[in-house]
There are 2 protein chains.
Amino acid sequence: MKYEEAKIKFISTWGSLGSLWGINKAMAQIQALLFISTKPLSMEEIMKELQISRGNTSMNLRQLIDWGIVTKEIIPGERREYFQTEKDVQELARVIAKERSRREIQPVIKILKDVSSIEDDGTEKTNELIKQTKALHELTETADAMINKMVNHKQNWVTKSILKLIK
Amino acid sequence: MKYEEAKIKFISTWGSLGSLWGINKAMAQIQALLFISTKPLSMEEIMKELQISRGNTSMNLRQLIDWGIVTKEIIPGERREYFQTEKDVQELARVIAKERSRREIQPVIKILKDVSSIEDDGTEKTNELIKQTKALHELTETADAMINKMVNHKQNWVTKSILKLIK
DNA sequence: TTAAACTTTCAATAATTATTGAAAGTTTAA
DNA sequence: TTAAACTTTCAATAATTATTGAAAGTTTAA
């Protein structure tokens, strides 16, 4: 496998993995392209590389900026804007985990809490609903907290300690 | 909020959360319905409760069985099949994490490994590709291993230890 | 066997989500 | 100011994914 093939493979794999971290294909591909680029890229360059339209590129770049994983780079003397992504994987993981938690997990936790707090009328079905949603609420809250804590430590001594602990 | 309202809210929330654990809406809703049911349900009952077609119910039930979180229950003297889901949240989390890892994360890890092992021709762009995909490969592999290990311990002494460690 | 009571399959269709591209908007240099 | 060089917006369209429902298949009781 040579450079070009590897590059295409990486970008398309990372694109289809987008669903796993909650973003769409084009957004993930743009991030992937910037991630392996040796320099910031312009919108024109991104469009050309990924074969996507101007509108699509513009919207998805804006979303990536909104997520906080892509930044605009102003190159002196240049009219057009250039873009670059966070290059450190640990920091990338931190931002993604935090955003996903905020956008998707927190709202669910809130609803689980509400649902599990309904008045117990003593019937079997109400009992079951309360019991099960309460268990789900606790699990979700714990898992969310753990992932965030984990990923928030830049140095990985914690990771190492945890790995040692659970091996 | 009364039982019926809470039930509907829970099922629709869990349904839309499906994307987070990699399954579709109907599949997640069926699982949610079974999760708070006090007894196994027939296909007829599931269709009626969720207002979905027979075909849809049949296919998604099959998928849930395939994932290993729903089982058929034979009730003596009854012709039709009944279904129930795993009721223990810890076990549920274990199965989901394992399946997601197997179906989605493992294939990506393999590709990252391949891409990061291409021959280094000494150019800057090849260097960057190798460096960045290697970092991503390590991170993905570590995260996957951690989540699986974590969720694999039924007792939660590990969870507690980890929480203490990272707080 | 047969026929009733069920489940599964799958082509057609509906719903959802992503993408295009042209028009409108904005910025900058002269 | 103006016009060239850019970016953003958004209605139309394409692509993808989920759902339906009728026909085919299977199982069981008699």
Side-chain angles (χ1 to χ4, degrees), chain A residues 11-34 40-67 70-84 100 103-104, chain B residues 11-34 40-67 70-84 100 103-104:
Chain A
I11 291 172
S12 81
T13 305
W14 207 241
S16 65
L17 196 68
S19 66
L20 222 147
W21 43 293
I23 69 176
N24 75 32
K25 203 181 81 180
M27 206 172 144
Q29 288 190 345
I30 293 172
Q31 202 275 327
L33 177 63
L34 293 173
L41 299 178
S42 67
M43 216 165 85
E44 208 70 42
E45 289 169 310
I46 295 168
M47 284 166 62
K48 208 177 139 232
E49 281 275 6
L50 302 178
Q51 308 268 51
I52 57 178
S53 73
R54 189 173 299 282
N56 200 2
T57 309
S58 170
M59 287 173 108
N60 285 109
L61 271 172
R62 209 156 46 83
Q63 275 209 77
L64 284 164
I65 291 170
D66 193 49
W67 269 68
V70 163
T71 50
K72 279 189 192 174
E73 176 83 343
I74 305 299
I75 295 188
E78 286 264 17
R79 182 72 174 274
R80 59 184 63 175
E81 295 170 322
Y82 284 78
F83 302 90
Q84 60 191 351
R100 266 221 116 172
R103 292 168 194 239
E104 300 180 69
Chain B
I11 291 172
S12 79
T13 304
W14 207 240
S16 64
L17 195 69
S19 66
L20 221 147
W21 42 292
I23 69 176
N24 75 32
K25 202 181 82 179
M27 206 172 144
Q29 288 190 343
I30 293 172
Q31 202 275 328
L33 177 64
L34 294 173
L41 300 178
S42 67
M43 215 165 84
E44 208 71 43
E45 289 168 310
I46 295 168
M47 284 167 61
K48 206 175 141 235
E49 281 274 6
L50 302 179
Q51 309 268 52
I52 57 177
S53 73
R54 188 174 299 283
N56 202 2
T57 310
S58 170
M59 286 173 108
N60 285 110
L61 271 172
R62 207 156 50 82
Q63 276 209 77
L64 284 164
I65 291 171
D66 192 47
W67 269 68
V70 163
T71 50
K72 280 189 192 175
E73 177 85 342
I74 306 298
I75 296 188
E78 287 264 18
R79 181 71 174 278
R80 60 183 63 175
E81 295 170 322
Y82 284 77
F83 301 91
Q84 61 189 350
R100 266 222 115 174
R103 292 168 195 240
E104 300 181 67

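The chains referred to below are lettered A, B, ... by the order of the sequence lines, with proteins before strands, and numbering in each begins at 1. Hydrogens, waters and symmetry mates are skipped; everything else that's a heavy atom, side chains included, is used. Nothing here was measured: the structure is a model prediction, and the numbers come from that model.
- Distance B:N60 CG to D:dT19 C1': 9 Å, rounded to the nearest Å.
- A:E44 places its CD atom 14 Å from the C1' atom of C:dG21, with the value rounded to the nearest Å.
- Both B:I23 and A:R62 lie close to DNA chain D; mapped to their nearest nucleotides by heavy-atom distance, the more 5′-ward contact belongs to A:R62.
- If you check D:dT19, D:dT8, D:dT20 against the side chain of B:N24, the one that comes closest is D:dT19.
- To the nearest angstrom, P of D:dC6 lies 13 Å from CD1 of A:I74.
- Across the interface with DNA chain C, nearest-nucleotide mapping of A:K25 and B:S58 shows B:S58 to be the residue nearer the 5′ end.
- Comparing D:dG21, D:dT8, C:dT8 by their closest approach to the side chain of A:K72 singles out D:dT8.
- Residue B:R79 places its side chain closer to D:dT27 than to any other of D:dT7, D:dT27, D:dT19.
- Rounded to whole Å, atom P of D:dT8 lies 14 Å from atom CD1 of A:I52.
- Not counting sequence neighbours, A:K48 has no partner by the salt bridge (Lys or Arg N to Asp or Glu O under 4.0 Å) test.
- To the nearest 0.5 Å, atom CD of residue B:E81 and atom OG1 of residue B:T71 are 11.5 Å apart.
- Regarding B:L64, its CG atom lies at a distance of 16 Å from the P atom of C:dT7, rounded to whole Å.
- Note on ring orientation: taking the six-membered ring where Trp is involved, the planes of B:W67 and B:W21 are perpendicular (angle over 60°, cut-offs 30° and 60°).
- Partner assigned to C:dA24 is D:dT7, using Watson-Crick or G-U wobble distances below 3.5 angstrom.
- With rounding to the nearest 0.5 angstrom, the CE atom of A:M47 is 6.5 Å from the CE atom of A:M43.
- Each of B:R80 and B:N56 has a nearest nucleotide on DNA chain C; the 5'-most of these lies closest to B:R80.
- Both distances falling under 3.5 Å, in either a Watson-Crick or a G-U wobble arrangement, place C:dA30 opposite D:dT1.
- Residue-level contact check: B:E81 touches the backbone only, with heavy atoms under 4.0 Å from sugar-phosphate atoms and none from bases.
- Computed from coordinates, the A:E78 CD to C:dT27 P distance equals 19 Å when rounded to whole Å.
- Nucleotide D:dT19 forms a pair with C:dA12, judged by Watson-Crick or G-U wobble geometry with both contacts under 3.5 Å.
- Straight-line distance from the CD1 atom of A:I75 to the P atom of C:dT28: 15 Å, rounded to whole Å.
- For the pairing with A:I30, the side chain to side chain contact (heavy atoms under 4.5 Å, CB included) check across A:V70, A:I52, A:N56 returns one residue only, A:I52.
- The CZ atom of B:F83 sits 11 Å away from the C1' atom of C:dC6 (whole-angstrom rounding).
- Looking at the side chain of B:R54, the nearest of the listed nucleotides C:dT7, D:dT8, D:dA18 is C:dT7.
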